[in-house]
Every structure is written in C-alpha cells, then in structure tokens.
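Numbers restart at 1 for each chain; the letters A, B, ... are given by sequence-line order, proteins then strands. Note: hydrogens, waters and symmetry copies are ignored here, and every other heavy atom, side chains too, is used.
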Amino acid sequence: MKNPIEEQKTGEEYHPSEIESRWQKKWEEDKVYSPDLDNAKKPFYNLMMFPYPSAGGLHVGNVYAFTGSDIYGRFKRMQGYDVLQPIGLDGFGIHSENYALKIGEHPMEQSKITEQNFYRQLRSIGNGFDWTRTLETYDPRYYKWTQWIFILLFKNGLAYRKKSPVNWCPDCKTVLSDEQVIDGNCERCSNLVEKKDLEQWFFRITKYADRLDKNIDSLKWSEKVKISQKQWIGKKDGINIIYPVVYGNGKAPNNGKNSLSVTVFTTRPDTNFGATFVVIGPEHELVTLMLDSSNEIVISRNIRDEINSYVEIGKNKTEMERMVDGRIKTGVFTGLYAFNNLNDAKLPIWISDFVIGDVGTGAVVGVPGHDVRDFQFATTFGIPIIRVVVGKDGDTSEITNENNVQEKEGTMINSKFLDDMETSEASNKIMDYLEEKKWGKRITSYHLRDWLISRQRYWGPPIPMIYCSNCASLGKSWFTVNGLKKNEDNSSMIGWHPVLDDKLPIELPHIEDYKPLGTGKSPLESHPEFYNTICPYCRKEAKRETDVSDTFLDSSWYFFRYLFTEFDNIPFGSEIFEQESQLSNKSYVLKEKAGNAAKRIRNWLPVAQYVGGSEHSVLHLLYSRFISMVFKDNGLCSNFEEPFSNFFAHGLIIKDGAKMSKSKGNVVIPDIYIQKYGADTLRTYLMFIGPFSDGGDFFDSGLEGIYRFLKRVWVLIEKSSTASMGVTATRVMRHKTIKKVTNDLSNFRYNTAISALMEYYNFLVKQERLDREDYLVFLKLLAPFAPHLTEELWQNMHMQSASIHKQAWPTYNDSLLVDDELTIVVQVNGKLRDSFIIESDKAMNKNEVENVARSLDRIQQYLNDDNQKIIFVPGKIINFVTN
RNA sequence: GCCGGGAUGGCGGAAUGGUAUACGCGGUAGUCUCAAAAACUACUAGUCGCAAGGCUGUGUGGGUUCGAGUCCCUCUCCCGGCACCA
C-alpha cells in the first residue's frame with residue numbers, strides 16, 4: 001500500500017480562493033457544523049452576537065469578532081463537543097431603518113438585499129455556522145414571539161404605560177432610552193436630545209434590579225463588563241428621611257390637616273445634624289401643589305410667580321443645556337421649611353434643577369459642609385454651613401472654601417449623641433434612631449430605570465396591544481376581566497387588552513409613508529386599516545397601539561429561538577405549556593411538542609460561551625438577563641435564569657489609530673482582502689494583531705506577513721512526502737506547542753497561540769528529519785485559524801477521511817515536555833555574566849551546576865571569598881552573591 | 001469628580017519574581033536574476049569598543065528582593081465607562 005502522503009498533489013501553488021469556496025460548499029453539504037439538537041451527547045452552545053445591518057455589508061470589525069468566536073467553537077468541536085454555532089440578523093429596528101432611509105430604499109425591500117449580502121459575506125469568511133437554523137428579527141415567524149413576549153410581560157404586570165418626559169431625538173424623530181443618550185446626544189446621529197412629554201410603554205426592569213445586581217458576582221464574564229453592569233444598576237443603600245413641611249412661623253400648612261411632608265433619600269444620614277436646607281426638583285409634587293392656587297398652601301403671589309417662571313424655563317432646557325449650566329447653581333426659595341426633628345431646625349425648602357425628578361425621591365437634603373455640590377448651592381444663596389465631620393487632617397475650622405469640604409469619612413462633632421463616633425458607626429446609629437422614631441425608613445435605591453419600550457418608528461414589531469374606549473369607560477382592563485385585582489402595577493392599564501395569542505403575529509404592513517413623522521406618533525398612525533380593530537373582550541370598536549417596540553427587545557431572546565427555528569409555533573417550551581398558563585386562557589403552543597422543546601432548553605442553555613463587543617456591556621446583556629429571569633419566573637426555562645454563563649468581551653479593530661467610521665472614510669471592507677489573500681489569511685492575521693480582548697490597528701503589511709506564513713506552511717506540507725516516521729528530535733517541541741496552543745485557545749489568547757505555531761514551524765523547517773506526527777499535529781493546531789488550508793492539506797494526506805474539524809484535538813504529555821539539555825544562566829550579584837548548556841538531570845543538581853559555573857573563565861574573574869552565598873534555581877539560574 | 005484598563009525597540013506586541021524585546025511587520029546587507037518582483041539567508045534596543053567585552057535600558061521618582069517589566073508606595077500621561085446619582 002502506498003503511503004498516503006505520497007498520494008498528494010505536488011508542485012501546486014497555494015490558491016486560497018479556489019480551496020476556500022470548495023470547502024465551504026462541502027462543509028455545508030456534509031452538515032459538518034450542524035449538530036443534532038435532540039441527540040447531542042456533549043452540547044456546547046457557542047454564541048456570537050448577531051450583527052445588526054446598519055450598512056450594506058460587514059466591515060472587518062465584524063469579521064474580527066466572528067472569527068474570534070469561531071476559533072473557540074472549532075477548538076471545542078475538536079475537543080469532542082457538539083458545538084452549536086448559529087447565525088442570524090438583528091435586522092429590525094432603527095439602525096437598519098436609518099440605513100434604508102439614507103439610501104432611499106424601503107426598509108422591507110432593503111432588508112432582503114442586505115440579508116443576501118450579509119449571508120454571502122458570512123459564508124465567505126469560513127465560519128462554522130449552522131446554516132440550517134438562521135433567523136432574522138424582521139421575519140414575522142420571529143417577531144410573532146417578540147410580540148408574545150411583550151404580552152407575557154404585560155400579563156405579569158411588567159409592562160405599563162406612563163406619561164413622562166422622555167429623551168426625544170428630533171433628527172431620528174423618536175424617543176430614546178437613557179442608555180441611548182450619550183453626553184446629552186443621540187447615540188445614533190449625535191444630535192442634541194430634547195425632553196418631551198409622551199405617553200409610553202415601559203418594562204418594569206427595576207423590579208428585577210436587586211436580582212440583576214446580585215447575580216453578577218457569580219457570572220464568569222470579562223471583569224470590566226461586570227463592573228459596567230454593576231455601575232449601571234447602581235445599587236445604593238441609604239435612608240428616606242421624612243421632614244414635615246412648615247411655614248416660617250413653625251405652623252403647618254393646610255391648617256394642620258393632612259400635614260404635608262417632604263421625603264429625601266440620602267446615603268449619608270450621619271451628617272444630618274449639618275443639614276441646613278432641602279432642595280426639591282422642578283418636577284416634585286410639592287411644586288405642583290404650590291402652583292395650584294386652589295390648594296391651601298399659603299405662599300405669596302411673588303413667590304408663586306417666581307416658582308412658575310423657574311419651572312417653565314427649566315422645562316425648555318435640553319439635557320445638554322442642563323449639563324452645561326450645571327456648574328452654576330440656580331434656584332428659588334419656596335417660603336416653606338422642612339422641620340428637622342433631630343434638632344428642631346427649620347430647613348428652607350428650595351427648588352433647583354440640579355435635583356432630578358426621578359432620582360431617589362426627587363428631593364435632597366443639603367449638607368454643605370460635606371458635599372461639594374451642596375456647598376456650591378449654599379454659598380450661592382448665602383445658606384449657613386455647619387461642620388459635623390472632622391477628617392484625617394484633624395481640621396475643625398469653619399468650612400469656607402470648596403477645597404475644604406469634608407466628603408470623606410471621619411469623626412463626628414456638633415451632632416449631639418453621635419459626637420466622637422466614626423462616620424460609619426454614626427450612620428448606623430442614626431438610621432436606627434430615625435426608624436425607631438418613625439422619621440425615616442432604610443431603603444435601597446438604584447440608578448437603573450424602567451426600560452422605555454415604545455418607538456415612534458416604522459421598522460419594528462408593532463406593540464401587540466389594543467385600546468378599547470368602551471372598556472375604558474367601564475374601568476375595565478385585561479386585569480379586571482381576568483379577575484385579577486387592580487394594583488399599583490396595572491392601575492394605568494384601564495382600557496388595554498393584549499392581542500389574543502392566536503392572532504399573533506400582528507404583521508407590520510407594507511406602507512409607502514414609512515418615514516418618521518416627528519410628531520411623537522408612529523407612521524402607522526396614518527393607517528386606519530392597520531389600527532382599526534375590535535376589542536378582544538367586549539367586541540366593540542377599538543384601536544391598536546401604533547408604536548413599535550425597541551430593537552433591544554428583538555435581540556433580548558434570540559438565543560432561545562435558534563434552538564427552535566424549524567418550528568413555526570414553538571419559540572421555546574417547557575412544562576408550563578403542558579399545564580396551561582395561569583394567566584392565559586388559551587394555550588397556543590402544541591402540547592405534544594412542548595416536552596421536546598423543554599429538553600432542548602435544558603440541554604443547550606444557558607449559552608456555554610458568549611462573545612461580543614463591550615459596547616453592549618449595559619444594554620443588550622442587561623435586557624437579555626432580565627428577559628431570561630421573566631422566562632424563569634414563568635416556567636419557560638427552569639434550569640437557569642442567567643442566559644450567558646460565560647461572556648468574553650472582544651476588542652475593537654481600528655484603522656490608522658482611529659475608530660472605523662464612514663465619515664472618516666477608514667472603514668475596511670473584508671471582501672477585497674478575502675479575494676486577494678483568502679479568508680484563512682484574513683482570519684489568522686486579525687487574530688495575530690494583538691490580544692483578542694484588546695483589538696488592534698489594521699495594517700496591510702501585517703496581512704502580507706501572515707500570507708507568507710500560510711504559503712510556507714503549504715509548501716512545507718507539500719514537501720512532506722519524504723518525511724520519516726519515528727523521529728524523536730521534534731517530540732519535546734511538539735508537546736510544548738500542543739500545551740501552549742491548547743492553553744492559549746482556552747483563554748482567547750490567540751495572538752500568542754499563532755506565534756507559538758510560527759515558532760513550531762520555524763523549528764520544523766530547520767530539521768533534517770521529521771516525524772509525520774509533527775505535520776498532523778501542526779495541521780490540527782492550525783485548523784481553527786485557517787480552516788480551509790488545513791482541511792485541504794489534511795484531505796491530501798488522508799484520502800476519504802472525515803473533516804479535520806471533526807478530528808480529536810492533540811493532547812500533550814507532561815513528562816515529554818522537558819528538553820534533553822537546558823541552559824543555565826550564571827549571575828554574580830544578580831547580574832548576568834555567562835550561561836552554559838548542560839544535560840537536564842545535571843541542571844537540577846546544585847553541586848553539578850556550581851562546579852561548571854565556577855570553572856567558567858568569565859565567572860572566575862568575579863569570584864572571591866566574599867561572594868560565597870549561592871542562590872540556585874534548578875534548571876534555570878545560579879547566582880553568586882556577595883555577603 | 002468617580003470606577004476600570006494601560007504606558008515595553010522604528011511599529012503591532014511577548015515575557016509562572018529568574019537570559020527583557022518571543023512572534024510578526026518594517027529596515028539593512030546578501031543569494032538568485034539582464035533587471036525587478038517573489039522566495040531564501042544573515043543582521044536589526046541604545047551606547048562605547050577593531051574585537052573580546054563593558055555600560056545603560058520596560059512612562060516618573062522611591063521601596064521590597066540575591067534578582068523587579070512583573071510586587072508595594074508617589075507622580076505624569078493615554079484609553080474606556082459613569083456622572084449635578086443625593
């Protein structure tokens with residue numbers, strides 16, 4: 001029998017384009033990357049954030065991210081896992097709509113073109129995607145379930161409507177979530193964001209704030225992402241202090257009936273004896289009461305006018321103006337006082353726009369000696385400053401300068417029963433006291449706000465809700481007609497009913513006037529044929545919601561859908577569907593398939609490894625976690641509530657030192673590089689630039705270097721027909737390389753894995769005789785990086801063999817990692833003076849090493865009676881030290 | 001302001017407290033060629049030296065250690081996130 005190595009073609013040059021398209025086709029035909037979801041023995045869900053098409057195609061940054069994730073998947077597959085690596089498009093939403101608007105195409109038609117181009121590109125980079133289960137968020141079969149999820153949240157009391165000042169981008173003509181406002185500007189178009197009062201749908205994510213916060217500690221995520229999430233949730237422990245409101249003469253307004261009070265949230269109650277004023281925001285309810293002349297609060301006409309004009313001016317300020325103006329403190333005195341029960345002090349109540357309506361209680365207590373912002377306010381309006389904390393410097397003098405404001409901890413003074421205590425002790429003591437006296441209540445506050453879901457745009461899933469004015473006039477809502485009590489969570493839902501499950505999806509109609517109106521209404525508002533419907537409860541005429549939902553809802557659950565793309569009717573399933581939902585009287589999901597669906601969820605979720613950009617640290621990852629928790633609470637997934645047990649945040653590819661952007665004209669399109677050098681070169685190059693966590697600067701000459709390397713590999717293997725068997729000279733290097741590459745891949749250290757392979761290559765090419773095993777190991781180790789090249793060479797060596805990507809990952813033996821000879825470094829007083837090579841076993845022996853070291857000419861000149869102390873590191877170093 | 005992460009040759013970067021600059025790019029010289037490209041070979045931190053070899057070197061200044069890019073403290077600068085958050 002002929003040696004298979006001799007069978008291979010020789011003398012052919014490396015032509016990546018021919019090889020790559022051939023193998024891509026073959027892999028897809030052979031379903032190399034399509035695991036059997038129901039029978040997989042070692043499921044491994046390897047997920048990459050799916051792209052959102054905000055341009056005609058992928059740029060090289062996308063390729064970077066996908067390749068990094070793909071390499072990990074290929075590594076795991078060769079380690080024997082059944083790797084599921086799906087791909088889809090997050091093509092619904094504002095990014096894609098803006099792109100369509102820009103090029104003057106209808107989003108619905110444009111999405112089909114974009115889809116084709118994205119999938120073509122995604123195929124050309126040679127990723128091991130399972131092309132049998134793609135999804136697109138704008139596909140009605142997909143967003144049927146996005147709508148179903150909206151209804152699920154509604155039925156759980158987690159979706160509600162509220163009129164509130166929201167971030168409004170006049171250019172995108174839609175509202176934005178807080179997360180989408182960057183320094184007062186729109187994340188998408190960088191236009192100034194305005195405040196606008198609109199009635200909107202919100203998701204009550206704040207109800208999950210504590211859970212979202214607590215779980216973070218146990219996640220195996222990139223540390224910086226965990227920190228961002230923690231910071232965004234912004235959990236703070238403090239106390240709400242309730243101050244009775246009085247006039248200057250100490251009497252209560254309203255003749256003492258229904259006595260008024262103002263509640264402030266503070267994290268520093270220890271300083272409360274130093275409080276000299278209270279500030280409420282312009283949105284505070286007390287302001288409304290004061291402006292209402294029918295109310296019994298007696299304030300002078302002058303003050304009322306002043307308050308009125310201050311509030312009106314504030315309303316017209318943009319976010320940006322409010323921030324720029326922030327340095328200078330403005331405000332008006334209300335004529336009212338907050339009565340501090342601790343020391344009977346009357347604290348003047350001011351209105352100022354530095355206090356934000358929906359932070360804390362919308363009111364703060366001013367302690368100017370121990371808060372810089374309060375100090376600025378107090379000095380602007382001549383309010384007294386009292387020192388109650390002495391810091392480390394021991395300074396007890398009056399605080400007259402901003403630099404002397406004592407914000408850090410210290411020892412209490414001027415605070416009666418708190419005197420001489422440390423601030424932390426004083427804090428606990430006074431909170432106990434305030435609670436005991438019922439003057440306050442400990443509370444945990446969060447920076448996280450409820451998730452604003454409504455978007456006044458066209459290209460998104462219509463919110464599946466119906467408003468019935470008849471039901472509204474009778475005080476009815478879905479909650480009341482289903483016998484659920486009205487409570488705080490659903491009281492604003494009068495007249496609202498969800499679309500019945502069997503009417504889903506509510507399809508987005510193809511309309512010509514899809515452009516955003518800028519009126520605070522969706523384009524669907526001009527389409528009665530869309531919004532006119534009948535009430536699912538009373539059957540009278542009713543109206544559909546015309547806003548669509550936020551894109552982040554689409555992407556918050558897609559990793560569930562991948563598991564069920566072959567079914568139209570089951571997005572995911574579990575035992576709950578076998579019982580019938582408590583909340584819905586119609587079970588829509590086919591029961592006989594539910595058990596199977598539940599099994600898939602148990603087997604494949606949570607996602608074993610998620611890879612994505614850190615720009616989604618807050619938005620997407622937080623929303624996905626929230627939705628998963630809601631699923632868990634509804635029995636849709638019973639084995640987890642954290643969808644991504646491992647998350648790795650990859651870096652950013654830049655060009656010429658700057659972030660790639662169309663305006664800078666430095667966007668690198670992968671296609672031309674793939675044509676010229678092949679996907680294998682581009683992939684390997686991108687991974688070689690630097691650590692995957694860091695990204696790097698894309699430059700063409702670096703690509704040439706990798707292309708040279710792969711061409712050399714091609715030639716080396718082509719020449720391998722003369723390779724011998726049973727050569728041992730390369731064994732240590734082989735095992736060292738296996739160990740290094742295996743460890744590096746496990747930790748996403750791709751750049752060093754590639755350099756280890758280059759070293760291995762450089763070593764092999766210098767050898768006179770090689771073991772065939774070296775070639776096989778080399779190909780396997782390189783396979784995740786250059787899947788086509790290695791497959792071609794592998795198949796040339798193994799006729800009729802299974803794909804290299806299904807071969808077992810090489811293993812190493814620790815006992816074979818030691819070289820026959822080692823280099824010992826000789827130092828004198830820690831300075832390198834010489835080195836020598838010695839057999840490994842002798843290198844471990846102090847006497848052997850010392851004898852050789854002492855005999856070296858260059859060492860002898862440094863040795864004398866003084867330096868007899870010897871530091872010996874076996875196999876590495878001997879150091880002669882002067883006593 | 002607060003919270004992260006950094007700073008290493010001409011460039012991207014590598015270094016369990018143990019030979020700093022692996023690997024690659026770029027550069028210089030050479031081989032091949034009529035020539036060029038490609039490919040291959042050698043050299044490539046600075047500095048003094050004919051050489052052998054010496055000295056200096058990982059942003060700054062100190063410290064711990066036989067030994068520090070790595071650990072501790074000081075400062076400077078850069079990048080990312082958050083921010084009138086009470």
Side-chain angles (χ1 to χ4, degrees), chain A residues 182-183 222-232 234 236 238 240-241 264-269 278-279 281 322-329 352-356 358-367 371-374 376-377 407 445-449 614-615 617-618 649 651-652 654 684-685 688-691 693-706 708-709 711-712 715 749 751-762 765 823-835 857-858 867 869-883:
Chain A
I182 313 294
D183 292 335
S222 299
E223 215 46 43
K224 59 174 180 177
V225 175
K226 288 167 72 167
I227 290 163
S228 305
Q229 290 233 344
K230 274 245 167 208
Q231 197 170 255
W232 188 260
K236 274 181 296 256
N240 275 352
I241 303 177
V264 304
F265 175 75
T266 178
T267 54
R268 292 295 304 276
V278 162
V279 186
R322 222 165 136 159
M323 262 168 33
V324 169
D325 295 350
R327 303 257 169 265
I328 308 144
K329 294 286 175 289
S352 176
D353 63 5
F354 84 77
V355 174
I356 300 164
D358 52 359
V359 175
T361 58
V364 298
V365 56
V367 185
D371 182 290
V372 170
R373 204 191 36 196
D374 292 350
Q376 290 165 348
F377 192 82
E407 289 190 326
S445 108
Y446 298 91
H447 171 254
L448 184 72
R449 307 298 155 73
S614 46
E615 68 271 23
S617 298
V618 173
L652 202 66
I654 58 174
T684 311
Y685 168 63
F688 186 63
I689 295 181
S693 54
D694 294 7
D697 205 334
F698 187 96
F699 58 103
D700 291 14
S701 64
L703 203 62
E704 294 273 3
I706 294 292
R708 278 201 283 273
F709 171 62
K711 276 196 289 193
R712 283 197 288 259
V715 171
R749 304 281 301 182
N751 56 330
T752 49
I754 294 166
S755 60
L757 283 168
M758 287 171 168
E759 285 180 77
Y760 187 29
Y761 168 85
N762 292 342
V765 84
T823 303
I824 298 292
V825 169
V826 187
Q827 296 182 338
V828 178
N829 288 323
K831 251 188 192 319
L832 169 74
R833 293 301 176 184
D834 206 348
S835 67
D857 290 346
R858 279 162 60 189
N867 44 32
K869 188 183 168 192
I870 292 166
I871 307 283
F872 177 61
V873 182
K876 281 194 172 154
I877 268 183
I878 186 160
N879 189 3
F880 294 91
V881 182
T882 303
N883 286 316

### Query
Side-chain N or O of A:His447 less than 4.0 angstrom from OP1 or OP2 on B:rA83?
yes
### Query
So does A:Asn829 get a side-chain nitrogen or oxygen closer than 4.0 Å to the phosphate oxygens (OP1/OP2) of B:rG67?
no
### Task
Determine the contact category for A:Thr361: base if any of its heavy atoms lies under 4.0 Å from a base atom, sugar-phosphate if only primed atoms, P, OP1 or OP2 are that close, otherwise nothing.
nothing
### Summary
Whichever of A:Glu704 and A:Ser228 has the more 5' nearest nucleotide on RNA chain B, that residue is A:Glu704
### Query
What form does the base of B:rG62 take, syn (within 90° of 0) or anti?
anti
### Query
What is the nucleic acid contact for A:Thr267, judged by heavy atoms within less than 4.0 Å: base, sugar-phosphate only, or nothing?
sugar-phosphate
### Query
Expressed in angstrom and rounded to an integer, what is the separation of A:Glu615 atom CD from B:rC82 atom C1'?
17 Å
### Task
With C1' as the reference atom in both, quote the distance from B:rU64 to B:rC72 in angstrom, rounded to an integer.
7 Å
### Task
Would you indicate which nucleotide in B:rC84, B:rA15, B:rC3 comes nearest to any side-chain atom of A:Thr752?
B:rA15
### Message
What contact category does A:Gly234 fall into here, base, sugar-phosphate, or nothing, at under 4.0 angstrom with non-hydrogen atoms?
### Response
nothing
### Task
For B:rG67 and B:rA29, measure between their P atoms and round to the nearest Å.
44 Å
### Message
Please pick, from B:rC23, B:rC85, B:rU19, the nucleotide with the shortest atom-to-atom distance to any side-chain atom of A:Leu832.
### Response
B:rU19
### Message
So if I take every side-chain heavy atom of A:Pro691 and compare against B:rG13, B:rA86, B:rC25, which nucleotide ends up nearest?
### Response
B:rG13
### Task
Please state how far atom OH in A:Tyr685 lies from atom P in B:rG24, giving the value in whole angstrom units.
15 Å
#### Entry: Interatomic distance, A:Phe872 CZ vs B:rC66 P [rounded to whole Å]
19 Å
### Query
Within the structure, does a side-chain N or O atom of A:Arg749 lie under 4.0 Å from either OP1 or OP2 of B:rA15?
yes
### Query
When rounded to the nearest Å, what value does the distance between P atoms of B:rA39 and B:rC55 take?
41 Å
### Query
With rounding to whole Å, what would you report as the distance between B:rU28 and B:rG80 at their P atoms?
35 Å
### Query
B:rU19, B:rC23, B:rU56: which one has an atom nearest the side-chain heavy atoms of A:Lys831?
B:rU56
### Query
Between atom CG in A:Leu652 and atom P in B:rC79, what is the gap in whole Å?
14 Å
### Query
Which is true for A:Asn751 with a 4.0 Å heavy-atom rule: it touches a base, it touches only sugar-phosphate, or it touches nothing?
sugar-phosphate
### Query
What nucleic acid atoms does A:Ile877 come within less than 4.0 Å of, heavy atoms only: base, sugar-phosphate, or nothing?
base
### Query
Which of the following nucleotides, B:rC82, B:rA22, B:rA86, is nearest to the side chain of A:Lys236?
B:rA86
### Task
Please tell me if the side chains of A:His447 and A:Gln231 come closer than 4.5 Å, counting only heavy atoms from C-beta onward.
no
### Message
Starting the side chain at C-beta, find the nucleotide from B:rC82, B:rG4, B:rC66 nearest to A:Ile227.
### Response
B:rG4
### Query
Are any of A:Arg449's side-chain N or O atoms less than 4.0 Å away from OP1 or OP2 of B:rC85?
no
### Task
Please state whether the phosphate of B:rA86, meaning OP1 or OP2, lies under 4.0 angstrom from any side-chain nitrogen or oxygen of A:Arg268.
no
### Summary
A:Asp694 atom CG is separated from B:rU8 atom P, nearest whole Å, by 13 Å
### Message
Tell me the closest heavy-atom pair linking A:Asp374 and A:Gly366, and the distance in Å.
### Response
OD2-CA, 3.4 Å
### Query
Between A:Val372 and A:Glu407, what is the shortest heavy-atom contact and its length?
N-OE2, 2.9 Å
### Query
B:rU19, B:rC82, B:rA15: which one has an atom nearest the side-chain heavy atoms of A:Val825?
B:rU19
### Message
Quick check on RNA chain B: between A:Tyr446 and A:Gly695, whose nearest nucleotide comes earlier from the 5' end?
### Response
A:Gly695
### Message
With a 4.0 Å cutoff (strictly under), does any side-chain N or O of A:Asn762 reach OP1 or OP2 of B:rA22?
### Response
no
### Query
Within this structure, what is the NZ-to-C1' distance between A:Lys224 and B:rC82, rounded to whole angstrom?
15 Å
### Query
Would you say B:rC55 has OP1 or OP2 under 4.0 Å from some side-chain N or O of A:Arg833?
yes
### Task
Answer with base, sugar-phosphate or nothing: what part of the nucleic acid does A:Asn879 contact at a heavy-atom distance below 4.0 Å?
base
### Message
Can you identify which nucleotide, out of B:rC82, B:rC84, B:rA14, has its nearest atom closest to the A:Gln231 side chain?
### Response
B:rC82
### Message
Side chain of A:Arg708, heavy atoms from C-beta onward: which of B:rA86, B:rA39, B:rG13 has the nearest atom to it?
### Response
B:rA39
### Task
Counting heavy atoms from C-beta on, name the nucleotide in B:rU19, B:rA86, B:rG12 closest to the side chain of A:Thr823.
B:rU19
